[in-house]
Amino acid sequence: MTTAHLDHDGRENPPGDWPTTEAEALAVQDELRGRVVTDEAGPPPGEPLVAVGVDVAYDDERDVVAAAAVALDAQTLDVVEEATAVGRVAFPYVPGLLAFREIPTVLAALDRLTVTPGLVVCDGYGLAHPRRFGLAAHLGVLTGLPTIGVAKNPFTFTYAPPGPRRGDTSALLDGDEEVGRALRTQDGVKPVFVSVGHRVSLDHACAHALRLARDFRLPETTRAADSLCRRALSGVGEPGRSTGV
DNA sequence: GCGACAG
DNA sequence: ATCTTGTCGC
């Protein structure tokens, strides 16, 4: 729907009530985390699915953030549609509060897709989070869409190295609680870290991540979104368009 | 008290 | 995230 907060430069502004301080952000997480749905298995891996990757790139000097949403056919990994949005940086980077930095512009990019995402793949964590409400969970609650998080490092969590082959997994632990999984997506390549966001089970989240990472360590959704948001960021201020559409 | 710490 | 040369390999 409409998340229109465009200013005179065609850039997205955060909503007026977007948190400004860490205390406010923590309060929002505290309020929203109860809305995460964890009792749905989510879309079955292997069946037709539009998987959307989202990612952002920053230029803190210019106070600019560019977001991309790229929709792929999960079976062929072909790009179905792409969208971008450019905004102002909504929040500083604080470990545990990443969502407040990325979400406003990501929502704007998602709004510009005409296809309905069957699954959204985030760059970061979902329930693997100090308060069990990372970016993927937050985005899931705000959109209602099934979401998962795929991160490149274990953050503050611990894990035993998974086996050496593609598809091998091990538990990602916060103390003795499994908050996600280390997943080896290519033989002999370091694992990625998968966690549930919203309306997807951990098993399904790992299965989707593995299928999407058919050719490389990272899911194709993440690679496509990363590439697109960087292009969108470098296009800011260049003659042509202002928002990428 | 001092680090570590998704992107 | 971002700053960055060369280099190895398909």
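Fair warning: this is a prediction, and the values are worked out from it, not measured in the lab. In what follows, chains are A, B, ... by sequence order, proteins preceding strands, each numbered from 1.
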Classify [X] by what it touches in the nucleic acid, base, sugar-phosphate, or nothing, heavy-atom distance under 4.0 Å.
X         : value
Gly149(A) : nothing
Leu97(A)  : base
Ala57(A)  : sugar-phosphate
Tyr58(A)  : sugar-phosphate

Interatomic distance where [atom1] belongs to [X] and [atom2] belongs to [N] [whole Å]:
X         : N      : atom1 : atom2 : value
Asp226(A) : dT2(C) : CG    : C1'   : 12 Å
Asp59(A)  : dT2(C) : CG    : P     : 9 Å
Phe91(A)  : dA1(C) : CZ    : C1'   : 16 Å
Asp55(A)  : dA1(C) : CG    : P     : 7 Å

Inset, instruction - Report the stems of DNA chain B as range-with-range entries sorted by first number; a stem here is at least three consecutive pairs, Watson-Crick or G-U wobble, both distances under 3.5 Å, and write none if there are none. - result: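 Stems for DNA chain B, defined as runs of 3 or more consecutive pairs: none.
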
Legend entry - Approximate separation, where rounding is to 0.5 Å, of Thr169(A) OG1 and Leu202(A) CG: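 It is 8.5 Å, given to the nearest 0.5 Å.
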
Inset, instruction - Nearest 0.5 Å please: distance from the CG atom of Leu212(A) over to the OG1 atom of Thr221(A). - result: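 Separation between the atoms: 4.5 Å.
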
Inset, instruction - Going by the side chain to side chain donor-acceptor pair (under 3.5 Å) test, name the single residue among Arg131(A), Glu24(A), His138(A) that passes it with Gln29(A). - result: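 Exactly one pass, corresponding to Arg131(A).
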
Inset, instruction - State, to 0.1 Å, how close Ala74(A) and Ala51(A) come at their nearest heavy-atom pair, and which atoms those are. - result: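 That closest heavy-atom pairing would be CB-CB, 4.3 Å.
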
Inset, instruction - Check whether any side-chain heavy atom of Gln75(A) sits under 4.5 Å from a side-chain heavy atom of Pro48(A), and report yes or no. - result: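 Answer yes - side chains close enough.
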
Inset, instruction - Would you mind reporting whether Lys190(A) and Arg217(A) have side-chain heavy atoms less than 4.5 Å apart? - result: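 Yes; the side chains approach each other to less than 4.5 Å.
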
Inset, instruction - Would you sort out whether Tyr58(A) and Tyr93(A) count as a ring pair (Phe, Tyr, Trp, His ring centres under 6.0 Å), showing the intermediate values? - result: CA-CA 11 Å; Tyr58(A) 304 97; Tyr93(A) 172 66; 8.7 Å; no

Legend entry - chain A footprint on DNA chain B, 5' to 3' - any atom under 4.0 Å from a heavy atom: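 Listing 5' to 3', DNA chain B meets chain A from dC5(B) to dG7(B).
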
Inset, instruction - Inspect the contact between Arg230(A) and Asp55(A) and indicate whether a charged nitrogen and a carboxylate oxygen are less than 4.0 angstrom apart. - result: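 Arg230(A) and Asp55(A): not salt-bridged.
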
Legend entry - Single-linkage hydrophobic cluster Val194(A)~Leu145(A), side-chain heavy atoms < 4.5 angstrom: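 Cluster IDs for Val194(A) and Leu145(A) differ.
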
Legend entry - Pairing pattern in dot-bracket form [Watson-Crick, G-U; both distances under 3.5 Å; | = partner strand] for DNA chain C: ..........

Inset, instruction - Measure up the Tyr159(A) and Phe193(A) rings against each other and bin them: parallel (under 30°), tilted (30 to 60°), perpendicular (over 60°). - result: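 Perpendicular.
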
Legend entry - Any side-chain donor near an acceptor of the partner, Ser227(A) and Arg231(A), under 3.5 Å: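 On atom types as modelled, these side chains qualify, holding a pair under 3.5 Å.
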
